Amino acid sequence: MTARVRAARSSRRPAETPFRLPPQPGEVIDRSRLVPFDWDGRRYVGFAGDTITSALAAAGVRTFSRSFKYSRPRGILTASALDPGCTVQVGDEPNVRASARRLAAGMSVVPQNVWPTLRYDLRSVNKVVAPFLTAGFYYKTFMSPRPLWPAYERVLSRFASGGWTSPDAIPSYYDQRFTHPDVLVAGGGPAGMAAAVEAARAGARVLLVEEEHELGGSLRWGGAQELEALGRLRADVAQAGIEVLVDSVVAGRYDDNWISIAQRGLPDVTERLIKARAGILVVAPGLIERPYVFAGNDLPGVMLSTAVRRLIDLYAVAPGSRAVVLSANAEGDAAAADLDRVGVEVVRVLDARRGEDVRRALGRGTLSAVEVADGSRIDCDLLVTATGWTAPTSLLNMAGNQPVWDPLAARFRPGEGLPDTVLATGGIVGDGSVDELVAHGTATGALAAARAGFGSAAVVAPLSPHPHPALFRATTHGFVDFPEDVSSKDVMAAAAEGYDSSELVKRYTTATMGPTQGKLETVNTVAVLAEATGRSIEELGTTVWRPPYAPISLGALAGRVSPPARYSPMQPWHETHSAVPLVAGEWIRPDSYGDPAAEVRAVRSAVGIIDVTPLGKLALHGPDVPNLLAAAYVNKWAKLDVGSVRYGVMCAEDGVILDDGVTGRLGAARYLMSTTSSGAATVWQHLESLLQTEHPDWRVHITPMTTAYASINIAGPRSRELLTRLTDVDLSADAFPYMRVRTGRIADVADCVLWRIGFTGELSYEIHVPASYGLHVWEALLERGRDLGVRPFGVEAQRILRLEKGHLIVAQDTDGLTKAYDAGLGDLVKLDKDDFVGKPELLWQHEDGAQQSLVGLVPVDPSIVPAEGCQIVDGATGILGRITSSRRSPTLDRSICLAYVLKQYAEPDTVVTVRLPDGRRIPATVTPPTHFDPEGARLRG
Amino acid sequence: MFRIPCPYCGPRDATEFRHQGESRNRPDPRTVTRGQWRAYLYEKDNVAGWTRENWYHGVGCRRFISVERNTVTNETRPAAAAAGAVDPVLPGAEAGAPDADSTRR
Ligand SMILES: [Zn+2]
């Protein structure tokens, strides 16, 4: 009522609805609820339950779009989700299927693909351009000359433009769900509903998925008998405890019955992708009515019989005023009867079973007359065709089943050979009365339940198809593919050019490649090809159906945006101290606190602390840990004393560097291994692989500790002074020398691990404290070190510090081909060990000599910092190496690099040429990798 | 997405596992030639049909297992503990799943 009041108050008078019929027995509209909306700038009012096109058809709108290539006016053909000419823009949302989308109050609907406007007739223009748009026009027209491609792209994008999205649109909410039904029924017609009910009654958990807004399939637009059966089946479904999804479509079937479902019509969710692992899949999609090919078959006013019945029986809309009906089956006869019942004048029924036929549809913009095969001409505004059915065998095809042509029924049907976990029922299998379809569904549901482990096995009596005349094309040429604007003439032209198989014609003409993906077009395309080549449809076969069966939005495929992120316990401090975040894999960590150069100077002159919590940490326990370390690392581990740490490098079996880090021995059989931050998961898996597959006799237990500890590196000449204030561990140089590990209390926190190592080249301690005390220890260090000049430093400062020191970073200064000897780590490799991962390759690399060396490099002009990745070149084409790390060093006040060069250029003081990204070539001098404090005096002090 | 029969966790989605390649024995590093070693690293049989592979159940029990898979249909089945099995260490799903503790203590 309020909607009515609001509509009446609107300054714009809504359009009249002269085609709305009095109430129909099966109508799905709610006449008590008016829904105002706009179409192409004008106000209309429909009823709740109307689709966009049914509401507009009630007002007499006949044209909903212009076609893709020829800009021909298009109207309602199927009145279903497949309607090829009824794709519209709703608000910000493009490509809405207007014959399936229900009205919502206030919808702003505009046509798409209207160039220049919906009403302007472009036929005279088409006559000029049509010759250029024939079969294979993409290939012929747009191939050459190459310099014209940008122009072609602009033309193509105009053709392809399907609506628009606003950059200001509020992001939609998408969703995903996982479910595991025992039986999943795809299709909620009579057979599908009966199958679902029977499977549920046997005790199976059943999910019933229906593409339309209600269950029922063709029963919904049937007579009294069908509507009564529909009521009974719906009551059974409601009582059987079945989960029912409507306005949802099974989009694909993958291995082991992994089923994707696009669910729509949810509150606040644009679309949800359901991933179902179904025990048994029952495929029950019914049949799709096939268009007929003749001249003018795309004129608004030419409709399928099922479209007529949907409009009349579901939406109480008269599809026209004067009708001609071409019928080859009971559905066509029923459409004629429906038209007659509601007062649409049926001028002529052409019975295709007796050889009667149409020749062409005539009209400017919309249908105005039909030319019959005998040459007579009948004025009309509605031509109804009922010339056959297509079985949508998609899901069966995805399960490995090849459809076969049944010439008697004039349609493809499921072939032999389905996995035990997939069954089919209903119209896709055969024809029958409502009772016969329900009986087949019931038996199939019982069999599905039995195969899923519920109830006893059932026998399914076969459901045979009824004979049907084979009708595809009249004596004239018309469209076989409406959305792609491909005509029967194009298919014949392609055949004449030698594209004589179904798959080739599909690709050459783009027939069946539009939004409906062949559901309306495939059989006619194959039939016309058969006619052109003198072969049979059986011989040609159909094209392969691939997922998705129906369009799914990219948003649903992407799902909810929730990337995993890991933070250290010190994150709250970082956030309140202007940390610049760095995304490092899953970790978000401070890149700097605003001034990396100042942070570097603090470490070199006083003391700095860095949050290194993301460092991988693995606790290793057991008597065979030394064996594991010896197998995993290239260096030796047998003589690692309790209280010592050692740097190690791991290679893969191909000799390529996998990871590096230090491992410390905390007790007799207790070790703590550190890995790179990004390598933590890989190393853990690698070690488990060694233990489980190569050495199951070794007694080692690995416990990942990465997030159990918060880790802090305290670096700088005053680091000892700072840490001494907070710990009971004796830090004196004699008691705790370089490369040693201790355990003790820090800032009153027990069970901390301290190791004295130095990635930065300074005296430094890496401490691992129980994670829940990480923030406490971090704040204590800053508080107690204030007079020492302590300041936090981030990843960027650490990268500069280690580059000054010449320490490589795995995956920065190594890549997927870098072996140990390339990276200057040869001294670590102990080839006298019996075995270790990668030993054979490293042995051969040692024998052959590495081709390249990791060296330091300093540009002669100290103000130039070459970008990482710059190549070291020789003449015009020769590549001698590449720069892997480069920074400006605040300590040395110049640019410094790490680089690979061929062996013969690796001698210090060799001058090489670096090619900058802008093409400039600059000289640079090779140095040892270590740019700062090569003797390591600061480190060991 | 097909399923893999894990002897510890039952049939699970393949996305929970990491493919470790065809099951094959590591050559003896003391005697191996370059050709043999590189064949081990890089040359896969890549059969069209049933093959025996190793998978790592990283999102489950974190065990390395052997599975037979038909590379044409993606059917999977537990690796038979047949005589001459490539890698007797990795458990298939034969009756009586191996004692997880027997290999690690
Ligand atoms: Zn498992």
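Order of the sequence lines fixes the chain letters, A, B, ..., with proteins taken first and strands second; residue numbering starts at 1 for each chain. Not measured: the values here are computed from a predicted model. Excluded from the calculations below are hydrogen atoms, water molecules and symmetry mates; all remaining heavy atoms, backbone and side chain alike, are included.
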Over 12 non-hydrogen atoms of neighbours within 6.0 angstrom of NE2 in A:H686: yes
The interface call for B:T31 against chain A, heavy-atom contacts under 4.5 Å, is neither
Chain A: which of B:N74, B:T76, B:D28 shares the most heavy-atom pairs with it under 4.5 Å? B:N74
CD-CH2 distance between A:E653 and B:W37, expressed to the nearest 0.5 angstrom: 4.0 Å
Carboxylate-amine/guanidinium proximity below 4.0 Å for A:D835 and B:R26: yes
Minimum side-chain heavy-atom gap A:W258-B:M1 below 4.5 Å: yes
Spacing of CG belonging to A:D654 relative to OH belonging to B:Y40, to within rounding of 0.5 Å: 11.0 Å
So which part of B:D13 gets closer than 4.5 Å to some heavy atom of chain A, the side chain, the backbone, both or neither? both
Less than 4.5 Å to any heavy atom of chain B: does that hold for the side chain of A:F836, its backbone, both, or neither? backbone
I'd like to know if A:E688 pairs up with B:R63 as an ion pair, taking the criterion as any Lys NZ or Arg NE/NH1/NH2 lying under 4.0 Å from an Asp or Glu carboxylate oxygen. no
Taking every heavy atom of B:F2 against every heavy atom of A:R277, the minimum-distance pair comes out as O-NH2, 3.9 Å
Distance, nearest 0.5 Å, that separates CG of A:D834 from CZ of B:R30: 6.5 Å
Can you name the nearest heavy-atom pair linking B:R38 to A:W844, along with the distance? NH2-CE3, 3.8 Å
Neighbour count >12 (heavy atoms, 6.0 Å) for atom CD, A:Q176: yes
More than 12 heavy atoms from other groups under 6.0 Å of CD on A:E847: yes
Relative to chain A, which segment of B:R34 carries a heavy atom at a distance below 4.5 Å: side chain, backbone, both, or neither? both
Would you confirm whether A:D256, through its side chain, and B:R3, through its main-chain N or O, come within 3.5 Å as a donor-acceptor pair? yes
Distance check, rounded to the nearest 0.5 Å: B:F64 atom CZ versus A:Q685 atom CD? 4.5 Å
Which residues share a side-chain hydrogen bond (donor to acceptor under 3.5 Å, both in side chains) with B:E75, sequence neighbours left out: B:T73
